[in-house]
Amino acid sequence: MPGVHIGEYPAFFFLSRSCTREMLFRFLIFCIIKHMDNFLDQLNEKQREAVLLKDGPLLIFAGAGTGKTRVITYRIAYLLSQGVSPLNILAVTFTNKAAEEMRRRIDVLVPGMGRSVWISTFHSFCAKFLRTEARHVGLDPNFLIYDENDQKQVIKSCIKELNLDEKKFKPARLIEIISRAKDDMLDADSYSIHALTSGDYFRQVVATIYGLYQSKLKQSGALDFGDLLLLTVINLRENKALKEKYQYRFRYIMVDEYQDTNHAQYLLIKYIGAESKNICVVGDDDQSIYSWRGADIRNILEFEKDYPDCRTIKLEQNYRSTSNILSSAWHVIKNNERRVEKKLWTNKEEGNPIKFIENRNAIEESEAVAGEIERLRNKNKYNFCDFSVFYRTNAQSRVLEDSFRRSGIPYIIIGSVRFYERAEIKNVLAYLRLIHNPHDNVSFRRVINIPKRGIGKTTMQALESIASEKGVSLWGALPYIGFAEIASSARKSLFNFKELIKELQKNKENESVKEIALKVLDKTNYVAELEAEDTLEAKNRIENIFELISAIEEFESRSSDRTLTGYLTQVALVNEIDDWTESNDKVVLMTLHLAKGLEFKTVFITGLEEGLFPIGESSYDIDDLEEERRLMYVGMTRAKESLYLSWAQERTVFGKTHWNIPSRFVQETQSMDSIFEVRTAKADAGEEVIEIERKEGVKEYIDEQHQMFALGSRVFHQKFGKGKIIDKSGSGENLKVIVLFDTGQWKKLVVKYANLDII
DNA sequence: CGGTAGTCAGTTTTT
DNA sequence: CTGACTACCG
């Protein structure tokens with residue numbers, strides 16, 4: 001180190017205590033320049049081209065595993081080496097995990113620089129923007145962010161207030177409509193205009209709900225996810241000074257996973273980058289899997305139209321997967337008609353063949369996965385974290401979890417039952433939110449009677465009506481309770497609650513989040529009350545609460561914004577995938593959606609059954625089916641060395657057992673040399689798992705499953721007449737179908753004996 | 001007001 | 001099968 005000199009100063013000078021941020025910055029830049037040649041050597045020709053195209057709009061088509069993150073991080077390093085200040089660089093990713101990963105990798109290239117470059121998700125960028133500019137955009141800088149659960153509560157109260165039928169206007173559906181409207185830049189007023197012109201009654205009611213919903217959010221001082229984007233974009237559009245400020249600040253913009261951006265996100269980038277035009281977007285239309293969330297694939301396909309002078313670079317060399325994996329993935333994705341043709345290639349060897357496992361049910365499938373992980377670990381000295389298991393729906397994780405627990409395999413489930421969604425955690429958080437902003441009605445309703453303080457339905461109804469009469473929040477209604485018909489005991493309780501929150505709010509500016517949280521536990525007696533319950537469940541809840549306290553500690557040790565606002569924002573926008581690091585040697589379980597952007601030595605894709613993956617009715621709609629197929633492609637291309645595809649003949653959903661046929665994606669891989677069946681045999685010592693490898697007639701078998709007696713096909717039976725196949729199980733001689741006959745009755749029939757004719 | 005039993009709908013996928 | 005919600009009684 002002392003040998004390194006910057007100009008006339010020895011490097012250690014810069015590392016001494018007197019070093020300023022600026023000096024450190026210059027030192028780091030020096031290091032980058034020194035190593036830039038080395039950096040560039042680590043890139044292939046196309047990647048280097050993408051890194052070196054410093055100015056102007058740039059579109060990078062980056063196939064799976066082609067070093068997309070590498071290009072972005074090296075590009076940032078290159079920009080820094082060219083004298084661009086880290087403060088002028090904005091990198092936007094889709095998930096927090098991706099942002100974290102990028103930061104980490106920049107830090108590897110340019111130590112300490114990861115923190116200075118603004119890298120965030122769209123949503124956290126907007127949250128930061130709106131808080132910083134709150135004064136200019138007419139917001140309280142302490143606004144809360146409502147998650148989907150909070151949204152649901154608000155929507156429900158809207159429906160109640162408007163005397164609508166929850167069955168006709170389902171909260172979940174309404175949230176979806178409103179969220180999609182916001183993605184498309186339609187605020188409540190614009191939506192209302194559209195609804196009126198359409199003459200559609202349903203849409204007009206939705207417009208009313210939308211409007212009421214927004215006023216309720218405002219009353220509570222809250223924004224939902226969609227608002228973060230919508231308001232940011234509206235303000236950038238309307239406020240010239242603001243727009244110029246951000247255009248000036250962010251001279252270089254990079255957007256990851258551009259294929260998944262929605263219209264609002266597209267506009268955000270367009271506005272900020274309009275001046276410098278230094279917009280670099282990276283994406284892959286084959287990995288677009290969020291259209292259901294408003295993502296518009298046209299954003300990537302029409303980038304060249306938006307920026308006529310843009311340069312386009314295609315990254316096609318895959319560094320991740322063996323050629324076996326890559327070619328099967330290609331065989332699957334090429335079935336999509338709506339895609340830009342790309343030819344990924346690799347100079348890696350063929351590698352292991354893809355292994356197909358057929359199981360009788362979900363339990364055996366899980367056992368097979370667990371068994372295979374143990375076998376591979378013994379054989380190849382793999383770590384647990386080299387394995388990942390993907391599935392289409394979160395519900396599938398439970399069975400896997402059971403098997404892993406039985407086998408003693410350490411695992412981590414990412415995303416399913418979220419820690420922050422547990423009742424006891426939400427209760428503590430609701431207190432924190434009230435301390436931060438007592439007008440938060442959702443939190444107020446949540447904890448007004450937790451722990452029990454004798455405030456029930458009647459009291460709440462009275463309070464609600466005061467609030468709506470006066471046009472204030474529930475908290476704001478408290479001073480008026482003297483005039484309402486509220487039992488004196490309840491009145492006293494409300495008063496005490498108010499004093500409690502006020503007490504907790506005292507000194508909040510000077511206390512750490514942890515101190516505030518501990519004060520909540522202390523003053524509310526929440527833990528003590530749980531202890532008194534003395535049940536296993538209560539014990540569990542107490543444990544979770546302490547886990548929350550350590551999560552807060554963790555937050556405070558790591559985050560740059562350690563305020564209560566910062567913490568609550570983080571809780572709303574960050575999921576636990578960000579806390580997972582490879583340092584924990586655990587098998588990772590997650591949905592296919594969450595897997596995007598990650599890679600593992602060995603990947604299991606489970607539940608490959610028609611109706612589950614592709615899910616539900618999606619196979620009847622070409623667009624839906626193609627998105628499912630892209631999801632399959634994303635899953636397959638996560639694997640570096642080994643890929644397992646498994647399915648179960650029957651699966652229990654909602655306590656009902658369904659018979660399924662293998663997913664069409666299985667046969668689309670075109671690489672089925674053999675199928676493994678896992679059978680559990682009863683031996684003297686108990687149960688024994690037997691693996692059977694079926695090599696012959698594999699293709700015929702799958703074809704038969706799909707074509708001979710496909711679900712939905714019409715059949716004729718001598719005795720029962722005409723009908724439709726609605727379910728299916730077994731194979732070969734044991735192939736059984738359930739037929740719903742036109743008479744209305746249904747029968748389970750063994751195909752071999754039933755003598756059915758396909759009509 | 002609070003507890004409990006009974007009903008009913010719901011699982012895609014996420015910031 | 002679960003969790004969320006409702007209705008009724010102590």
Side-chain angles (χ1 to χ4, degrees), chain A residues 92-99 120-127 145-149 151-153 156 160 166-167 170-173 175-176 179-180 182-183 223-230 257 260-262 264-265 288-295 390-399 414-418 420-423 448-461 486-487 489-490 493 569-578 590-596 607 611-619 624 627-628 630-632 634-635 651-657:
Chain A
V92 195
T93 64
F94 219 69
T95 64
N96 295 290
K97 168 86 185 135
S120 68
T121 62
F122 274 102
H123 288 86
S124 46
F125 173 86
C126 294
I145 298 167
Y146 270 10
D147 67 14
E148 207 180 317
N149 268 303
Q151 293 183 56
K152 208 173 213 167
Q153 301 305 318
K156 278 185 179 166
K160 217 185 228 170
E166 255 196 37
K167 281 181 186 131
K170 289 182 183 162
R173 175 89 189 104
I175 290 171
E176 210 189 310
S179 303
R180 290 299 77 75
K182 288 177 180 177
D183 291 340
L223 303 180
D224 66 14
F225 292 134
D227 287 335
L228 293 174
L229 280 159
L230 179 70
E257 309 283 10
D260 283 329
T261 50
N262 59 39
Q265 290 163 335
S288 161
I289 55 175
Y290 284 102
S291 71
W292 51 274
R293 213 172 74 184
F390 303 153
Y391 34 80
R392 182 64 179 84
T393 66
N394 277 309
Q396 289 165 252
S397 68
R398 283 200 188 175
V399 193
I414 295 177
S416 67
V417 184
R418 297 204 174 154
Y420 287 103
E421 279 173 19
R422 290 174 198 185
I448 182 68
N449 206 28
I450 291 175
K452 308 241 153 29
R453 34 175 87 87
I455 296 168
K457 220 176 180 176
T458 323
T459 309
M460 277 312 279
Q461 259 165 11
I486 291 177
S489 65
S493 289
T569 304
Q570 195 225 237
V571 169
L573 296 179
V574 173
N575 74 32
E576 69 228 86
I577 192 169
D578 311 307
M590 67 179 94
T591 62
L592 285 142
H593 280 86
L594 278 180
K596 195 171 60 155
L612 183 62
F613 189 24
I615 200 164
E617 312 275 276
S618 61
S619 47
D624 289 350
E627 181 145 320
E628 293 290 308
R630 289 193 291 270
L631 197 52
M632 178 70 182
V634 166
R651 191 172 291 272
T652 307
V653 183
F654 295 149
K656 271 197 152 182
T657 302

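Sequence lines set the chain letters: A, B, ... in the order given, protein chains first and strands last, and positions in each chain run from 1. Values reported hereafter were calculated over all heavy atoms of this structure, with side chains retained and with hydrogens, waters and symmetry mates removed. A quick note: this is a predicted structure, and the numbers were derived from the prediction, not measured.
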Rounded distance (Å) that lies between atom [atom2] of [N] and atom [atom1] of [X]:
X: A:Asn149; N: C:dG3; atom1: CG; atom2: C1'; value: 12 Å
X: A:Phe225; N: B:dT14; atom1: CZ; atom2: P; value: 12 Å
X: A:Met460; N: C:dT6; atom1: CE; atom2: C1'; value: 18 Å
X: A:Arg398; N: C:dT2; atom1: CZ; atom2: C1'; value: 7 Å
X: A:Asp260; N: B:dT13; atom1: CG; atom2: P; value: 17 Å
X: A:Met590; N: B:dT15; atom1: CE; atom2: P; value: 12 Å
X: A:Gln265; N: B:dT14; atom1: CD; atom2: C1'; value: 12 Å
X: A:Asp224; N: B:dT14; atom1: CG; atom2: C1'; value: 14 Å

**Asked** In terms of ring plane angle, is the pair A:Trp292 and A:His593 parallel, tilted or perpendicular, where the classes change at 30° and 60°?
**Response**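 If you compare the ring of A:Trp292 with that of A:His593, the planes turn out perpendicular.
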With a 4.0 Å cut-off on heavy atoms, is [X] in touch with a base, just the backbone sugar-phosphate, or nothing at all?
X: A:Glu148; answer: base
X: A:Lys152; answer: nothing
X: A:Ser124; answer: nothing
X: A:Tyr290; answer: sugar-phosphate
X: A:Thr652; answer: nothing

**Message:** What's the closest nucleotide to the side chain of A:Lys156 if the choices are B:dT13, C:dC5, B:dT15?
**Reply:**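 For the A:Lys156 side chain, the nearest candidate turns out to be C:dC5.
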**Request:** Counting heavy atoms from C-beta on, name the nucleotide in B:dC1, B:dT11, B:dT14 closest to the side chain of A:Thr459.
**Result:**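 Closest of the options to the side chain of A:Thr459: B:dC1.
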Under-4.0 Å side-chain N/O to phosphate OP1/OP2 contact, [X] with [N]:
X: A:Asn96; N: B:dT15; answer: no
X: A:Thr458; N: B:dC1; answer: yes
X: A:Asn394; N: B:dT14; answer: yes

Provide a list of protein-nucleic acid N or O atom pairs under 3.5 angstrom, restricted to nucleotides 2-9 of chain B.
residue: B:dG2; atom: OP1; partner: A:Gly454; partner atom: N; Å: 3.0
residue: B:dG2; atom: OP2; partner: A:Asn449; partner atom: ND2; Å: 3.0

**Message:** Quick check on DNA chain B: between A:Gly226 and A:Phe654, whose nearest nucleotide comes earlier from the 5' end?
**Reply:**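 Result: A:Phe654.
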Backbone N/O of [Y] and side chain of [X]: donor-acceptor pair under 3.5 Å:
X: A:Asp147; Y: A:Ala572; result: no
X: A:Gln265; Y: A:Asn262; result: yes
X: A:Gln461; Y: A:Thr458; result: no
X: A:Glu628; Y: A:Ile615; result: yes
X: A:Arg453; Y: A:Ser493; result: no

**Request:** Would you mind reporting whether A:Thr591 and A:Tyr391 have side-chain heavy atoms less than 4.5 Å apart?
**Result:**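 In contact.
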**Asked** Which whole number of Å gives the distance between the P atom of C:dA4 and that of B:dT13?
**Response**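 Approximately 16 Å lies between the P atom of C:dA4 and that of B:dT13.
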**Request:** Mind checking salt bridge (Lys or Arg N to Asp or Glu O under 4.0 Å) for A:Arg651 and listing every partner two or more places apart, or none if nothing turns up?
**Result:**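 Residues passing salt bridge (Lys or Arg N to Asp or Glu O under 4.0 Å) with A:Arg651: A:Glu365, A:Glu609.
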